[in-house]
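Keep in mind that this is a model prediction, so the values were computed, not measured. Side chains are part of it too, since the values below use all heavy atoms of this structure and drop only hydrogens, waters and symmetry mates.
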Amino acid sequence: MDSLNSLIDGFGTALTPMNLLWAAIGVLLGTAIGVLPGIGPAMAVALLLPVTYGLDPTGAFIMFAGIYYGAMFGGSTTSILLNTPGESAAVVAAIEGNPMAKAGRGAQALAAAAIGHFAGGMIGTILLVVLAPTVASLAIGIGAPDYFAIMVLAFIAVTSVLGASRIRGIASLLIGLTIGLVGLDQMTGQQRLTFGSLHLADGVDVVIVAVGLFAIGEALWVAAHLRRSTGKPIPVGRPWLGRTDLKRTWKPWLRGPVIGFPFGAIPAGGAEIPTFLSYVTEKRLSKHRDQFGKGAIEGVAGPEAAASASAAGTLVSMLTLGLPTTAVAAVMLAAFQQYGIQPGPLLFEREPELVWGLIASLFVGMVLLLALNLPLAPIWAKLLRIPRPYLYAGILFFAAVGAYAVGGESLDLVILLVIGLIGFGMRRYGLPVLPAVIGVILGPAAEQQLRRALQISDGSVTGLVNTPFSVTVYVIVALIVAWPLIGRLIGRLRGGRNAAGKSRTVGGG
């Protein structure tokens, strides 16, 4: 009841005309930034930090939260329409959303993503209000072996369900892990794969890798095949979900937040892992498995709901523990410190108006985003009618601007081109792009957690499986790895029984 009363007071703060204006500005800016490839919410919040010096803290954080949620909405737009994720949480949306767009169902994919974000955000924010203390205490108890186990699960899951074969999925993952090694060793400070360049000492930014593999790789692939194909205009499709689509999406919309929210609250990669796990889950549970990879709407609805719910989970750790689990949360933590406010267990007592006003504004922002994005779905889908040479020239321009904006170094453009060529080569030889992006995002963190776990156990491998949580995760990993073998054995046993049965029938005849 205390939480409910505080939330009602928060709505009183969030619904003031000025704070409503900041929420509207935030969601509009966030959506626009999400649509531009390479410029994610973390960069947007960082760029706006100096602008908000003179603002009231409550208004500033309401705007930041609007940018965060809005960028996740917008990021799925270019993922679906152009196979170019606006930010890392939208990577999975490209797998099924882009084939849907090419089949003339771009508007349906956008609507499934928008409603998924709304459902995930609403459920996640309700869980934020109800479960914040519980989730925070669970997050404290999770150690290095558990984090490493979660990341191993993400690696195995994503290489098992994507691409024509597991070997190609693992090859793609290894490419990503290699790119993730570039830079200084976090433990020893030794340079790895920097080739003597000081610029590479900080590593290759995830934004550059994602934009290079997806946007540049896709543009080069289209350019290589443009002369062979006639470049027909792609049909846009109806702007709303039909009864069949709703029947296929409502369960993924509800399952996504269950996966996304807990992962957002622990430092294990932000929205990336839950979106991948949601995709794997939907593929396993779907009655239309044959459509996955060709445009299954469940593969858009579930991961997008998980991504939005994970954003609410991220706020749990940041507000209650002062623990940033994503890049955006880290920038927002810096913003709190800019105002002389320290997030943590006492924040709810010291700054109740700010905290509950911020949480209430998330509900308001979700409604604003749904009202903004659903009517625009067919308009966004018409992007596909632009002649492909002009369209991909624009993508290359914005990709280059986004990559340059990351560090302001011309070398970033060279790295972008090199990674784009790698992406082109991966498409040429049938390697899925997603495991490579996973390797870059989670590889360094997995290495760090592995080393910590081994240090704690004095180098003993048993230190990786000394908690019930990590053992449970490794059992799931073993099942995923062994499932195809089990399936083949069952198939052979059934085949043997059927052959035996037929031979008896023939002998008896």
Note, Tyr69 side chain near Val27 side chain (heavy atom, < 4.5 Å): no
Over all atoms of both residues, closest heavy-atom pair of Leu354 and Pro57: CD1-CB, 3.7 Å
Heavy-atom check, side chain of Glu304 versus side chain of Ile115, under 4.5 Å: no
Phe469 side chain near Val473 side chain, heavy-atom distance below 4.5 Å: yes
Side chain to side chain contact (heavy atoms under 4.5 Å, CB included) evaluation trace for Met18 with Asp56: CA-CA 10 Å; Met18 206 63 203; Asp56 171 63; over 6 Å; no
Side chain to side chain, Leu15 and Leu20, heavy atoms closer than 4.5 Å: yes
Sidechain-backbone polar pair: Ser308 side chain, His117 backbone, donor-acceptor under 3.5 Å: yes
Step-by-step side chain to side chain contact (heavy atoms under 4.5 Å, CB included) determination, Trp356 to Val129: CA-CA 9 Å; Trp356 290 105; Val129 174; 4.0 Å; yes
Shortest non-hydrogen separation from Asp146 to Ser470 and the atoms involved: OD1-N, 3.3 Å
Ser310 side chain to Gly313 backbone, donor-acceptor under 3.5 Å: no
Exam field: side chain Thr16 to backbone Gly12, donor-acceptor pair closer than 3.5 Å: no
Pairs flagged by salt bridge (charged side-chain N to carboxylate O under 4.0 Å, His left out) wherever residues 110-124 is involved - sequence neighbours left out: none
Rounded distance [0.5 Å steps], CG in Leu277 versus CD1 in Ile259: 6.5 Å
Glu96 versus Gly299, closest heavy-atom pair with distance: CG-CA, 3.8 Å
Euclidean distance, Leu396 CG relative to Ile216 CD1, rounded to 0.5 Å: 4.5 Å
Minimum-distance pair of heavy atoms, taken over all atoms of Ala14 and Ile62: CA-CD1, 4.5 Å
Point-to-point distance, once rounded to the nearest 0.5 Å, from CZ of Phe118 to CH2 of Trp253: 11.0 Å
Min side-chain heavy-atom separation Phe61-Trp22 under 4.5 Å: no
Parallel, tilted or perpendicular: ring planes of Tyr279 versus Phe292, cut at 30 and 60 degrees: perpendicular
Residue pair Ile67, Ile25: steps toward the side chain to side chain contact (heavy atoms under 4.5 Å, CB included) verdict: CA-CA 8 Å; Ile67 290 169; Ile25 290 171; over 6 Å; no
Side-chain donor or acceptor of Ser278 paired with backbone N/O of Gly302 under 3.5 Å: yes
All N/O donor-acceptor pairs, side-chain side in residues 436-446, below 3.5 Å, sequence neighbours left out:
none

For Ala112 against Val300, the heavy-atom pair lying closest together: CB-CG1, 4.5 Å
Donor-acceptor pair, side chain of Glu298 and main chain of Glu282, under 3.5 angstrom: no
Test log, rule side chain to side chain contact (heavy atoms under 4.5 Å, CB included), inputs Leu315 and Leu362: CA-CA 11 Å; Leu315 292 177; Leu362 298 178; 3.5 Å; yes
Closest non-hydrogen atom pair, Ala400 against Leu413: O-CD2, 3.4 Å
